[in-house]
Visitor: 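What follows is a single structure, and I will ask about it in a moment.
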Amino acid sequence: MIVDRQGRRFRNLRISLTAACNYACTYCVPDGKRLVAAQDELSAEAMVRGVAYLIEAAGIERLRITGGEPLVSPKLDMLLRGVSQLGLADISLTTNGQLLVRKLPLLLESGIRRLNVSLDTLDADAFRTIARGGDLATVLAGMEEARAAGVSIKVNMVPLRGQNLDQVLPLLDYCLERGFELRFIELMRMGHLARPGNSFVQQFVGMPELLAMIGERHAFAQADAPLDATALRYQIPGLGFFGVIANESVPFCRTCSRLRLSSTGWLHGCLSSSNRHYVGDLLDKPRHEALPALQGLLVKALGDKQEIAFSGGVTVMKIIGG
Ligand code: SAM
């Protein structure tokens with residue numbers, strides 16, 4: 001097993017199935033850009049082999065499929081079929097939910113029982129402004145169908161000053177009423193938000209402010225979470241749970257166990273590092289040739305992790321898989 005000086009190792013793999021997305025959220029995508037698939041994206045077969053090799057070489061236990069938007073990809077079906085045979089402890093998926101109604105049968109058939117749905121507001125106009133696309137009612141319908149089918153749902157919300165702070169409490173109540181766990185994700189300095197003249201400082205809302213807002217409505221107490229969890233979890237007695245992924249306020253780099261594989265075959269050991277390691281060519285090789293080379297690259301990827309805190313990076317989340 002590859003372990004660093006701080007005792008960290010890779011346990012959780014995220015694969016970006018495609019860089020293509022049917023949204024262009026303002027904090028993820030710079031003005032005027034649309035998200036299309038990269039020309040040199042890996043095939044589903046190569047990705048499945050990649051996951052199998054990484055289970056062996058890095059000790060990966062849990063997989064999250066993300067993007068871009070994974071539900072727009074024609075490779076989803078084959079990927080799910082392949083990775084569900086690999087004996088992983090958990091497979092989940094992060095989606096904007098726009099195609100959830102249509103893709104739910106496939107997800108259920110493939111054994112997916114946990115979804116993270118990104119939803120920044122319940123206001124249809126603000127939704128269109130932030131996502132630059134999509135339809136709120138369609139997303140909500142998809143979440144209801146998934147819930148009715150027994151899928152456990154976490155909702156990701158990025159609080160943005162001037163855009164959706166009025167939605168913190170309505171979204172929390174909406175989630176508590178339905179048994180969804182709301183995760184507030186502090187805005188991260190990534191992509192255009194890490195470049196000079198960006199609007200990060202004006203938009204950022206930190207955990208103390210969020211907790212103060214919630215505290216005015218609900219009493220809550222910190223709840224248990226796994227040691228390498230990125231979210232701090234809170235329980236509102238009798239109503240449910242919510243979490244905060246506080247990259248800036250309470251950095252979690254010391255216990256980070258994440259590894260990312262991009263849709264074009266690059267390994268990323270840290271969101272805050274612009275280092276990346278190409279493995280696309282190894283995925284066509286037989287196991288005995290691929291694994292030793294992969295191990296060398298995994299040592300480098302683990303070495304890319306920040307020691308203490310996320311410091312920002314120009315890499316774009318949709319490229320490496322949020
Ligand atoms: N399309 C899928 C979705 O919307 O969930 C998966 C990819 S998206 C990049 C994954 C997550 O990254 C979303 O919850 C999104 O809100 C989050 N994200 C993207 N850019 C971010 C940023 N700069 N700071 C915080 N979260 C960000």
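Every number for a ligand or one of its atoms is a count from 1 in the order of the listing.
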Visitor: Less than 4.0 angstrom from a charged side-chain N to a carboxylate O is my criterion; do K300 and D304 meet it?
Guide: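 No salt bridge links K300 with D304.
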Visitor: Consider every N or O of N116 and every N or O of ligand 1, then say whether any pair is closer than 3.5 Å.
Guide: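 No.
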Visitor: Relative to ligand 1, is T95 under 4.0 angstrom through side chain, backbone, both or neither, heavy atoms considered?
Guide: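 Answer for T95: backbone.
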Visitor: For the pair F242 and Y234, name the ring-plane relationship: parallel under 30°, tilted 30 to 60°, perpendicular over 60°.
Guide: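 Rings of F242 and Y234: parallel, as their planes differ by under 30°.
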Visitor: Does anything in residues 84-133 pair up under ring-ring contact (aromatic ring centres under 6.0 Å, His included), and if so which pairs, sequence neighbours excluded?
Guide: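 Residue pairs passing ring-ring contact (aromatic ring centres under 6.0 Å, His included), neighbours aside: Y23-F127.
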Visitor: C25 near ligand 1, heavy-atom distance under 4.0 Å?
Guide: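 Not so, C25 does not reach ligand 1.
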Visitor: Give the atoms of ligand 1, by number and element, whose distance to some non-hydrogen atom of N96 is under 4.0 Å.
Guide: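 Those of ligand 1 that fall under 4.0 Å from N96 are 2 (C), 3 (C), 4 (O), 5 (O).
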Visitor: Of all the atoms in ligand 1, which lie at a distance below 4.0 Å from a heavy atom belonging to N156?
Guide: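 So the answer, numbered in order with elements, is 14 (O).
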Visitor: Under 3.5 Å, N or O to N or O, is S118 touching ligand 1 that way?
Guide: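 By distance alone, the answer is yes.
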Visitor: Could you grab the distance from atom CZ of F10 to atom CE of M1, nearest 0.5 Å is fine?
Guide: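 That separation rounds to 12.5 Å.
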Visitor: Which is it for S257 and N12 under the side-chain hydrogen bond (donor to acceptor under 3.5 Å, both in side chains) test, yes or no, and what are the steps along the way?
Guide: CA-CA 6 Å; S257 60; N12 296 301; 2.8 Å; yes
Visitor: Determine whether the side chain, the backbone, both or neither of V158 has a heavy atom under 4.0 Å from any heavy atom of ligand 1.
Guide: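 Near ligand 1, V158 shows its side chain, while the N, CA, C and O stay back.
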Visitor: Do the side chain of T129 and the main chain of D125 share a donor and acceptor less than 3.5 angstrom apart?
Guide: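 Answer holds: yes.
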Visitor: Is there a polar contact, in the sense of an N or O pair closer than 3.5 Å, between Y27 and ligand 1?
Guide: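 It does: an N or O of Y27 is found under 3.5 Å from an N or O of ligand 1.
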Visitor: Let me have the donor-acceptor pairs involving side chains of residues 278-286, under 3.5 Å, with sequence neighbours excluded, atom names and distances please.
Guide:
unit_1: D284; atom_1: OD1; unit_2: R49; atom_2: NH2; d: 3.4

Visitor: I'd like to check which ligand 1 atoms, numbered from 1 as shown, lie under 4.0 Å from a non-hydrogen atom of G68.
Guide: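 Heavy-atom distances to G68 below 4.0 Å select 1 (N), 2 (C), 6 (C), 7 (C).
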Visitor: At a non-hydrogen distance cut-off of under 4.0 Å, which region of T66 contacts ligand 1 (side chain, backbone, both, or neither)?
Guide: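 Under 4.0 Å from ligand 1, T66 contributes side-chain atoms alone.
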Visitor: Could you tell me whether some N/O pair between M188 and ligand 1 is separated by less than 3.5 angstrom?
Guide: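 Among all N and O atoms of M188, at least one is under 3.5 Å from an N or O of ligand 1.
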Visitor: Can you tell me if E41 and T18 form a side-chain donor-acceptor pair at under 3.5 Å?
Guide: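 Yes, a side-chain donor-acceptor pair sits under 3.5 Å.
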